[in-house]
Amino acid sequence: MKTITRSLAAGIVGVALASTPALATHKTHPVTGEVLSDNQTYTYVSIDESSSLDPGLIEDVSGAAVARDLFEGLLTQNADGTLAPGVATRYTTNADKTVYTFHLRRNARWSNGDPVTAHDFEFAWKRAVSPELASPYSWYMEIMSIKNGAAVINGEKDKDELGAKALDDYTFQVTLEASLPYFPSMVVHTTTMPVPTKIVNAFGDEWTKPGNMVSNGAYVLSEHVLNERQSRVRNDLYWNNDATILDKVTTVIIQDENAAFNRYIAGEVDQTAPPSGQFNALKKSMPNDVHTNPRLCTYYYNFNMDAAPFDDKRVRQALSYTIPRDIIIDNILQGGQIPAYTFTPGATANFTVPEVAFGMMTQAERDAAAVKLLAEAGYSKSNPLKATILYNTSEGHKNIAIATSQMWKQKLGVEITLENQEWKTFLATKGAGDFEIARAGWCGDYNEASTFLDLVNSESGYNDSNYNNPVVDKLLAEAKTMSDPNGNYTQIEKIIADDMPIAPIYHYTGNMLLKPYVKGYPFNNVEGNWYSRNMYITAH
Amino acid sequence: MLVDNKKVQELADNMAAEELTGRSLLQDARHRFFKNKMAVVSLMILVSIIIFAFVGPYFAKWSYEEIDWATMGNVAEMGRPSIESGHFFGTDDLGRDLYSRVIQGTQISLTVGFVGSLIAVFVGTLYGATAGYLGGTVDNIMMRTVDILMAIPYMFFLILLLVMFGRSISLIFVGIGLISWLDMSRIVRGQTLSLKNKEFIEAAVASGVAPFNIIRRHIVPNVMGIVVVYATLLVPGMIMTESFISFLGLGVQEPQTSWGALISSGAGRLQYGTYWQLFFPLFFFIATLLSFFFIGDGLRDALDPKDR
Amino acid sequence: MLNFIIRRLGLAIPSLLILIIISFVLMHSAPGGPFTSEKPLPPIVLANIEAKYGLDKPLPIQIANYVWGIVTDFDFGPSFRYKDRTVNDIIEVGFPVTIKYGFWSFLFAVTVGVFLGVVAALRHNTWADYTAVGIAIGGSVLPNFVMAPLLVLLFTVKLGWLPGGGWEGGQIQFLILPVIALSTSYLAGIARITRSSMLEVLHSNFIRTAKAKGLPSSYIIWRHALKPAMLPMLSYLGPAFVGMVTGSMIIDQYFSTGGIGLHFVNGALNRDYSTIMGITILVGTLTIVFNMLVDIMYAWIDPKIRY
C-alpha cells in the first residue's frame with residue numbers, strides 16, 4: 001500500500017514563535033507590531049440562541065462559531081480557508097483514498113488537564129451517529145461516507161461498527177465506504193470535533209452547562225444565560241495558548257436587527273449585521289466598518305415538481321427567468337451579492353461556474369423568453385397562472401418574496417399569494433410537500449461543489465422540489481470518486497439550468513459591521529469559519 | 001389601553017336603578033352627547049378617518065402592493081413624502097406607497113377593532129343575559145366558569161393560537177374577540193338580574209313567551225346602552241392587541257398590512273432618517289384611539305341617568 | 001374574609017387545569033414538533049427520541065404525567081430545545097429578570113401615576129392638570145414597542161447615557177429603559193383613573209363637611225380623600241399586571257434582557273412544549289394569585305364590600 005503523506009501549512013505556529021515580551025506598557029502584536037488594546041474583549045451579536053453547544057448536536061452557524069472557539073477538531077482552517085493542523089499534526093491516506101489516518105499532537109489537553117486522545121474522537125464520532133443522541137446533523141457523518149455510517153444512523157447497525165477507530169492514544173483511523181478525495185476538508189466541521197468522554201459520561205445531557213463543560217479549544221465556556229449572553233474566556237491549557245490574544249469573547253443575543261445596530265453605534269458591541277436595506281447608506285457613512293466577502297451559500301426557490309403547475313418545465317423556466325435578481329441584489333440586499341444562475345457558488349474551491357444558457361441572456365431576453373414559455377404552457381391574461389410562495393418569517397425573505405411576486409405580476413401577469421410561516425410550521429409544511437414555491441437557502445458544509453449538488457440527488461433529504469433525474473444521480477455518483485469531477489459538475493449545472501427544479505437567486509456575501517479596531521477577522525474565508533484565537537483588538 | 005371597567009360598572013348600576021322610559025331617555029342622551037365638545041370633535045375625526053379608509057384609494061397613484069422600482073434601495077432620499085412622485089406619505093422600505101399602505105392598514109385595523117368588539121359583544125351579551133335570566137344553578141355554573149376563564153392569561157393563548165395555526169385575519173378577529181367577552185358578560189348579567197323583576201318581563205313570562213325570546217326581545221334591547229358604551233371602549237384595546245401581535249411578527253400576511261405592522265417597522269427604522277414611516281401610521285393610530293376614547297367617555301356620561 | 005380566600009383558591013385549581021389542558025392540546029395539534037428539522041430524522045431515531053421525552057404516549061397520559069411531575073416534584077420537565085437545560089433551569093434564570101424589571105415598572109407606574117393623578121385633581125383646570133392629563137393621554141396610546149426604540153435613540157444613541165439593552169445581572173443602568181418602556185401606558189392609565197376618582201371624592205359630601213369643619217387641606221387629602229380615591233385604581237391593577245407580563249415579551253425582544261417573555265415566544269416558535277407549558281402555568285398562577293391579592297386589598301379598603 002502506497003501511502004501519501006501531506007504536511008500542512010502551520011501559520012499559527014509562526015505567530016507563536018514570533019511572540020516577544022512587550023517593552024512598553026502597551027503590548028504590540030507579535031507579527032504586525034500594532035499596538036494592542038489593554039482590554040482584549042470581543043463582543044458580537046447573534047440573532048438567535050443556539051439550540052446547543054454540544055459539537056455533536058450543533059446545527060446552526062452561530063453555534064458552530066462558538067464551538068470552533070471551544071473545541072478543536074482534527075484539522076482547522078487558516079484565514080483564507082486552507083487547511084491547518086488542529087489536534088492532528090498530519091494525516092496519511094492509502095492510494096485509493098478510502099482509509100485516512102490522523103496523527104494527533106501529544107500536547108493537546110482538555111481544560112481539566114486530561115490529554116486529548118484518539119479515543120475522544122472515536123467516542124465523539126460514534127456518539128454523533130448514534131440514534132440515542134439523535135443529532136440533527138448526523139447526516140453529515142453520512143455524507144462523509146464513513147463506513148457503516150448510514151447504517152448506524154438508521155439504526156441498522158451498532159455504533160461500534162462505525163469505521164472510526166483509535167489505533168492507539170494518538171492515532172485515529174477512519175475507513176470510508178468509497179474513495180473521497182476531499183475528506184480532509186470535511187473534518188474541520190463541528191460535528192467531527194472531539195468531546196471529553198469522561199465528562200459526557202458523567203453529566204449526560206447537562207455536560208455543556210458552564211461549570212460542567214470541559215473543552216480543548218482556545219477558549220472555555222464561562223457564562224451562558226439563555227437568550228441573553230454567552231461568554232468564553234482564554235483556556236490556559238490550550239496547547240497554543242501563548243498565541244491567543246483575545247482574553248474574552250462574548251456573544252449577545254439580540255433578535256431585533258435595528259436594536260442591535262443601535263447598540264453597535266453606541267459601542268456596546270463590536271460586530272453586528274447591517275440592518276436590511278441600509279448597506280449602501282452605511283458604506284457611505286461608515287466605510288471603515290462595513291465589510292463584505294463572498295460566502296459559500298446560495299439563496300433559491302424550490303418548485304414543487306410533484307403537482308401542477310410546476311410539473312411543467314416551461315412554467316418553472318418562465319418564473320426563474322423573470323426573478324429580478326439584479327434588483328434584489330442592488331436594491332434590497334445591497335451587499336454585493338452575486339446573481340445566481342447556477343446552484344453552486346463560484347467561490348467554491350476548484351469549481352468553475354459553467355456558462356448556463358439563461359445566465360448568458362440579458363434580462364430583457366429572459367423576460368421575452370419567459371412570456372413565450374408561459375404562453376406555450378397555456379397561461380394567459382384570461383387564464384393567469386396562480387401560485388403561492390411559502391417562506392419562513394424574516395424581513396429579508398419577505399422583501400425578496402414581495403419583489404419577486406410583484407415582478408412576476410408585472411411581467412407575466414402571474415398572481416402570487418405570499419405565505420409566511422414560523423420556522424417549524426414552515427418545515428412541516430415543506431416536509432409534507434404542501435407548497436408550490438418555497439424559499440430555501442443552503443450553505444456549504446465543506447468547500448467542494450458536491451455539498452451543493454448533492455441536494456438535487458433524488459435520494460437527498462434536502463431535495464424539496466422532489467427532482468428525480470437518473471442522469472444527474474449517475475453523474476453525482478461518479479463525481480464522488482473522480483480526481484477532477486468538474487466536468488460532471490458542469491454537466492449537472494447545465495441540466496439543472498434547463499430542468500429548473502430550483503430557481504437560484506443569489507449567492508450570499510458575508511456582510512457585517514465590524515469596529516475598525518477589531519483585527520484578524522478572516523474575510524477571505526468563504527465558509528465564514530472564524531476563530532477568535534486569530535483575532536485581536538488594537539488600541540483605540 | 002385598558003378599559004376602565006369600574007366606570008362602566010358604575011354606569012351599569014345607575015342605569016339599572018333607573019326606570020326605563022324608552023325614547024325620551026335616548027333623545028335626552030343624544031342631546032347630552034352632542035353638548036360634549038370633545039366627544040363631538042372625536043366623532044368627527046373618527047368619521048373622517050373611516051371615510052378616508054374608503055375614499056382614499058381613489059386618490060392614490062400607487063396600489064398598496066406595487067413597488068416603485070426607482071425608489072427601492074434608496075428610500076431615505078427618493079421615498080420622501082412628495083406630491084410629484086405620487087407618494088403623498090412617502091414610501092416604505094421596499095418602495096411601496098405608504099399612502100396606500102396606511103389606507104390598507106386603516107381598513108384592517110379598524111376591521112379588527114370592530115369585528116373583535118362585535119364578537120365580544122355578541123358572545124358576552126348572550127352569555128350574560130342567559131346566565132342572569134335563568135338564574136339559580138345555571139347562573140352559578142356559568143358565572144363560575146367566567147371566573148375561571150378570567151384567570152387565564154389570554155395573550156399567551158392568542159400567541160399560541162397564531163403560532164400553531166398560522167396567521168390569518170379571521171383567526172385574529174376571533175382570537176381577540178374571544179379574549180374580551182368575559183367582562184361584557186358580567187356587566188350584562190348584572191343588568192339582566194335587575195331587569196328580570198321589572199313588570200314588563202314578568203308580563204312576558206306570564207303570557208308564556210319562551211325564555212330565549214324574552215332574552216332576545218326584552219332583555220337584550222334594554223342592556224344595549226351599556227353594551228354600546230363598553231364596546232366603544234373595547235375597540236381601541238382590540239387595535240392595540242392587534243398591533244402587539246404585529247410587532248411579534250404574527251399579524252396579517254404580506255402584502256396586506258395593519259397599523260401595528262406599519263408602526264413597528266417605522267419605529268424600528270427611525271434612526272435611518274425615514275421618519276415618515278413612523279409618523280403617518282402612528283398619527284392615524286393615535287387619532288383613532290383617542291377618538292374612541294373620548295366618544296366612549298361621552299357616551300357614558302350621556303347615558304348615565306345619575307348625571308341628568 | 002378567610003372564607004372568601006378559600007373560595008378564591010377553590011376557583012384557582014380548575015383555572016389552572018383548564019389552562020394546562022388547553023395549552024397542551026393546542027401545542028400538540030400544531031404542525032411540526034420539537035424535533036422537526038430541515039432534514040427529517042430517520043424514523044427509528046425519531047421514535048427513539050420521542051420515547052425518551054414520553055411523546056409516544058397518548059395525550060391524556062402525557063398531560064397526567066406532566067401534572068403529576070409538577071405536583072410531586074415541582075418538575076416542569078426537560079426543555080425540548082436546549083438539551084442541557086430543564087424548564088426549571090430556564091425559569092430559575094429568566095423569571096427573576098422579569099420579576100425585577102416588572103416589579104420596578106409596577107412601582108414606577110403606581111407611584112408616578114398616583115402622584116400625577118392626585119396633583120391633577122388638586123390643581124384641577126390649571127396647567128399642572130393639563131400637563132398630567134396630556135402625559136396620561138399620550139402615554140396610554142403609545143405602544144411600548146414604539147416607546148422602546150424612541151428611548152434607545154434618545155438615551156443610548158444620542159446622549160450615550162444608558163446601554164441600549166442587555167441585562168448583565170440587572171444593574172441599575174440596564175434596568176431604567178426597560179422599566180420606562182414597560183410602565184408608560186399603565187402609568188398613564190393609573191394617573192387617569194386616580195385623577196377622576198380623586199375629583200369625585202373631593203366633590204363628595206364628606207370632604208365638604210371636613211372642609212367646613214376647618215380641617216387643614218393636606219390632612220383632609222391624606223386622611224380622608226386618598227383612600228377612597230384609590231379604590232378604582234385597585235381594580236385596574238389586576239389587568240395592568242397581566243398587561244405587564246405580556247409586555248415583557250416586547251421588552252425581552254427589544255432589550256435582550258433574557259426574561260421569560262422571550263422564552264415563551266421562542267418556545268412557541270421552536271415547539272419547546274415543556275417550556276411553553278412551564279411559563280404558561282407560571283404566568284397563570286401569578287395572575288390568579290395577584291388578582292386574589294387585589295380583591296383582598298379591595299375588601300380591606302372598601303368597608304362596603306363584604307364577602
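Given the structure is predicted, the values throughout are model-derived calculations rather than measurements. First the proteins, then the strands, lettered A, B, ... as listed; each starts at 1.
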Please check: side-chain N/O of A:Arg263 versus main-chain N/O of C:Gly165, any donor-acceptor pairing under 3.5 Å? yes
In this structure, CG of C:Asn270 is separated from CD of A:Glu49 (nearest 0.5 Å) by 10.5 Å
Most contact-rich option vs chain A, by heavy-atom pairs under 4.5 angstrom, among C:Asn266, C:Val97, C:Asp272, is C:Asn266
Applying a strict 4.5 Å limit to non-hydrogen atoms, the region of C:Ile260 in contact with chain A is neither
Report task. Check whether any side-chain N or O of A:Glu228 sits under 3.5 Å from a backbone N or O of C:Ser256 as a donor-acceptor pair, and report yes or no. Result -> no
In this structure, OG of A:Ser52 is separated from OH of C:Tyr82 (nearest 0.5 Å) by 11.0 Å
message: For a 4.5 angstrom cut-off between non-hydrogen side-chain atoms, does C:Lys83 reach A:Glu206?
response: no
Give a yes or no on whether a salt bridge exists between A:Asp205 and C:Arg85, defined as a side-chain N under 4.0 angstrom from a carboxylate O. no
Cut-off 4.5 Å, heavy atoms of chain C, and the answer for A:Thr208 is both
Counting heavy-atom pairs under 4.5 Å with chain C, the top scorer among A:Ser135, A:Ser138, A:Pro131 is A:Pro131
Residue from A:Ala432, A:Ala260, A:Ala428 scoring the most non-hydrogen pairs under 4.5 Å with chain C is A:Ala428
| More than 12 foreign heavy atoms under 6.0 Å from NZ of A:Lys209: is that the case here? | yes
From the list C:Thr257, C:Asp84, C:Thr86, the residue making the most non-hydrogen contacts under 4.5 Å with chain A is C:Asp84
When the 4.5 angstrom heavy-atom criterion is applied to A:Glu156 and chain C, the contacting part is neither
Bottom line for A:Leu57: the part with an atom under 4.5 Å from chain C's heavy atoms is side chain
For C:Tyr254, is there any backbone N or O sitting under 3.5 Å from a side-chain donor or acceptor partner on A:Gln255?
no
Applying a strict 4.5 Å limit to non-hydrogen atoms, the region of A:Ile265 in contact with chain C is side chain
Self-check item: A:Leu226 side chain reached by C:Ile90 side chain, heavy atoms, under 4.5 Å
Solution: yes
Comparing C:Ile49, C:Leu262, C:Val157 against chain A, the one with the most heavy-atom pairs below 4.5 Å turns out to be C:Leu262
Residues of residues 143-153 of chain C with a heavy atom under 4.5 Å from any heavy atom of chain A, in residue-number order, are C:Val152, C:Leu153
- Query: Do the side chains of A:Asp256 and C:Phe255 get nearer than 4.5 Å, heavy atoms only?
  - Reply: no
Ranking A:Thr429, A:Asn154, A:Val225, A:Asp54 by heavy-atom pairs under 4.5 Å to chain C gives rank one to A:Asn154
Output for pair (C:Gln253 CD, A:Asn227 CG), nearest 0.5 Å, gives 10.0 Å
